[in-house]
Amino acid sequence: MKKRFLSIILAASLCLSLSACAGKTKTEPENDTSEESTEDSYSYNISALLSKDNKMDEILLQGFSDALTDYIGDDHFTINTAYATEETPSDVIVADAVKSGADMIFTTGKSALSAAADATETIPIVATNIVDFKGTLRIASLNGKSWDKTTGRNITGVSSKPSIVDQVSLMIEATKDLQTVGILFSPEDTDAIYQNEIFEAYLDQAGIPWKEYLIPATNTSVGTDEEKSSTALSPSKYVAFSAKEGMDNEVIGLGEDPMFGLNSPSSTRVALISDFWTGPKTVAASSDDAEEDSSAEEDDSQKDSTDIESEITLEDRIKEACSECSAIYVPYESMLTDQMSIIGSVATEQDVVVVAGDTNIGQNSLVTLFMDPYSLGYSAGKKAVRVFNGDDIATIKIGYGDTDECIKLYNGEIAKKFDLEFPKSFNEFEEFLSTYKYGSNTTRFSFN
């Protein structure tokens, strides 16, 4: 009798255990109950810290929130949103999030991630809208090994770095006679230089000569020191702000191991040139052009070289690049964005193609690739779900956007000036963006 009684107790306990284990699945109960089980009443407190109060960050957050809704249900999480401003910079909103006891921190942009990484080593951090996680978090590459895309600490996320190999293909497709490529950069714009060097590596593989042109960023585009001051640990494969040619190679040691160190803060990136470079593009010059060039040379010969350099304007620099190159590349979220109206105007006048890294730059460029920020936020949300499900965040790899979702855009007005027609695989820039619904190409999860 005692054995039978114990068997009944064990069977009942097993049923209760199975019911508890199934508590976090998004399934409808067969019978309505007046009381929700303790196991099903969990709720995560998430602090969303956005580096900027703009449309892109809002869309990233919407994608992140929708992923959590789809996978764990909107009854099981609460998101408290804060924006970094001049009055409340990133370190302030991060401190508030840590103090509030958040279960997770979601960040967009470099400043918010950097501040969160400095503030806590225990609260899980999921980040997006980061071009270079490795550089931002100062992750070292040791013994020549490639980075495995994990941070080894309480951080994971999804990179916003576009598919640069697809951008190279876009440039080749959009340029009738691609002989040489101009690469624009500002010395302090580490994210842009990082992308430029990858772009240049692909050009090298294709045997296409390139040349860099230094353009200072304006005060309005530089942003805060917090936003743009990340420095990678050396050595690194694609990090122009590490110890590389054209820079101050002095390394400030960290500890006794010489492998660990930061570059000298006085490092200055100078313009580099391709090993394949043999001279400017070949163009047929008219007699009028020849006379103008001859006259210009006579005038220039009468000036001191120092005076000439000090008088160079943005228009002069872009005209120089256009005279030597068939196409120009401006990377994603470049500090030159606010100067693109001039850059694009001069390039168009000179019949030179401009390939843009994002749609802000694309307004003044011939072609660009569009990646929906909603999909990046949604992917980041799926990383958060893995953390909540018990996966070790230190081993969750940094993700990247799905290149299959990239959409090729062309600027109709500039295309007319170039007398170019694009195939159906391209969408007209203004028409597409004015009708596109963010998130419409993202495949969402459903239990049904």
Side-chain angles (χ1 to χ4, degrees), residues 164-186 192-193 195-215 246 270-297 299-300 308-309 312-331 334 336 339-340 342-357 361-362 364-369 408 410-411 413-422:
I164 295 179
V165 66
D166 287 340
Q167 291 179 339
V168 173
S169 298
L170 185 69
M171 175 174 284
I172 293 172
E173 189 174 3
T175 310
K176 290 181 178 179
D177 182 18
L178 184 58
Q179 299 178 40
T180 52
V181 176
I183 310 289
L184 306 186
F185 80 101
S186 296
I193 295 172
Q195 296 172 79
N196 284 347
E197 291 197 343
I198 301 174
F199 195 92
E200 291 162 3
Y202 284 120
L203 292 177
D204 286 342
Q205 291 179 18
I208 300 173
W210 51 266
K211 184 177 179 180
E212 294 181 348
Y213 298 87
L214 187 154
I215 300 175
V270 299
L272 303 179
I273 191 168
S274 165
D275 292 336
F276 295 100
W277 187 270
T278 57
K281 65 182 180 181
T282 303
V283 293
S286 66
S287 58
D288 291 340
D289 291 335
E291 290 177 4
E292 289 178 5
D293 291 341
S294 175
S295 175
E297 289 176 4
D299 292 339
D300 290 345
I308 294 173
E309 184 65 27
I312 290 179
T313 64
L314 174 61
E315 291 89 340
D316 293 332
R317 183 66 77 200
I318 302 305
K319 285 181 179 178
E320 176 193 354
C322 291
S323 69
E324 297 182 329
C325 301
S326 313
I328 289 175
Y329 172 63
V330 185
S334 168
L336 303 177
Q339 302 181 68
M340 277 306 301
I342 296 175
I343 293 171
S345 176
V346 173
T348 301
E349 290 174 0
Q350 302 294 319
D351 292 328
V352 171
V353 168
V354 177
V355 175
I361 303 170
N364 303 104
S365 306
L366 177 61
V367 289
T368 188
L369 289 176
K408 294 187 287 188
Y410 74 94
N411 188 307
E413 292 185 7
I414 298 176
K416 287 180 180 178
K417 294 179 181 179
F418 283 5
D419 194 25
L420 287 174
E421 292 186 4
F422 285 86

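Predicted, not measured: the structure shown is a model, and the values here were computed from it. We number each residue from 1, following the sequence as shown.
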Looking at side-chain heavy atoms only, is the closest gap between [X] and [Y] below 4.5 Å?
X: Ser365; Y: Ile414; answer: no
X: Phe422; Y: Leu366; answer: yes
X: Ser326; Y: Asp177; answer: no
X: Asn364; Y: Ile343; answer: no
X: Ser274; Y: Asp204; answer: yes
X: Lys408; Y: Leu369; answer: yes
X: Leu203; Y: Val168; answer: yes
X: Asp166; Y: Leu170; answer: no

Gap between atom [atom2] of [Y] and atom [atom1] of [X] - 0.5 Å precision:
X: Thr180; Y: Leu178; atom1: OG1; atom2: CG; answer: 7.5 Å
X: Leu272; Y: Glu197; atom1: CG; atom2: CD; answer: 7.0 Å
X: Ser334; Y: Asn196; atom1: OG; atom2: CG; answer: 8.0 Å
X: Leu336; Y: Ile318; atom1: CG; atom2: CD1; answer: 8.0 Å
X: Glu200; Y: Ile164; atom1: CD; atom2: CD1; answer: 10.0 Å

*Please report the C-alpha distance between Tyr329 and Gln167 in whole Å, then the side-chain angles of each, then the deciding distance to 0.1 Å, and finally whether the side-chain hydrogen bond (donor to acceptor under 3.5 Å, both in side chains) criterion is met.*
CA-CA 9 Å; Tyr329 172 63; Gln167 291 179 339; 2.7 Å; yes
_Let's go through Val330 and Val354 carefully: what are the C-alpha distance in whole Å and the side-chain angles of both, what is the deciding distance for side-chain contact (heavy atoms from CB on, under 4.5 Å) to 0.1 Å, and is it a yes or a no?_
CA-CA 7 Å; Val330 185; Val354 177; 4.3 Å; yes
*Please assess Leu214 against Phe185 for the test side-chain contact (heavy atoms from CB on, under 4.5 Å), listing each intermediate value before the final yes or no.*
CA-CA 5 Å; Leu214 187 154; Phe185 80 101; 3.9 Å; yes
*Can you pull the side-chain hydrogen bond (donor to acceptor under 3.5 Å, both in side chains) pairs that have at least one residue in residues 344-353, sequence neighbours excluded?*
none
*Do the charged groups of Lys416 and Glu413 touch, with an N to O distance under 4.0 Å?*
no
Could you tell me which non-hydrogen atom of [X] sits nearest to which non-hydrogen atom of [Y], and how far apart they are?
X: Ile361; Y: Ala356; value: CG2-CB, 3.6 Å
X: Pro280; Y: Ser323; value: CB-O, 4.2 Å
X: Ile215; Y: Ser186; value: O-OG, 2.6 Å
X: Ala415; Y: Tyr410; value: CB-CD1, 4.0 Å
X: Val352; Y: Phe418; value: O-CZ, 3.5 Å
X: Trp210; Y: Trp277; value: O-CE3, 3.6 Å

*Given side-chain contact (heavy atoms from CB on, under 4.5 Å), test Ile328 with Leu184 step by step and report yes or no.*
CA-CA 7 Å; Ile328 289 175; Leu184 306 186; 3.7 Å; yes
*Looking at Lys319, Lys211, Lys281, which one forms a side-chain contact (heavy atoms from CB on, under 4.5 Å) with Glu324?*
Lys211
*Apply side-chain contact (heavy atoms from CB on, under 4.5 Å) to the pair Val181 and Thr175, showing each step before the final yes or no.*
CA-CA 10 Å; Val181 176; Thr175 310; over 6 Å; no
*Polar contact flag, side-chain donor to acceptor under 3.5 angstrom, Thr313-Asp316*: yes
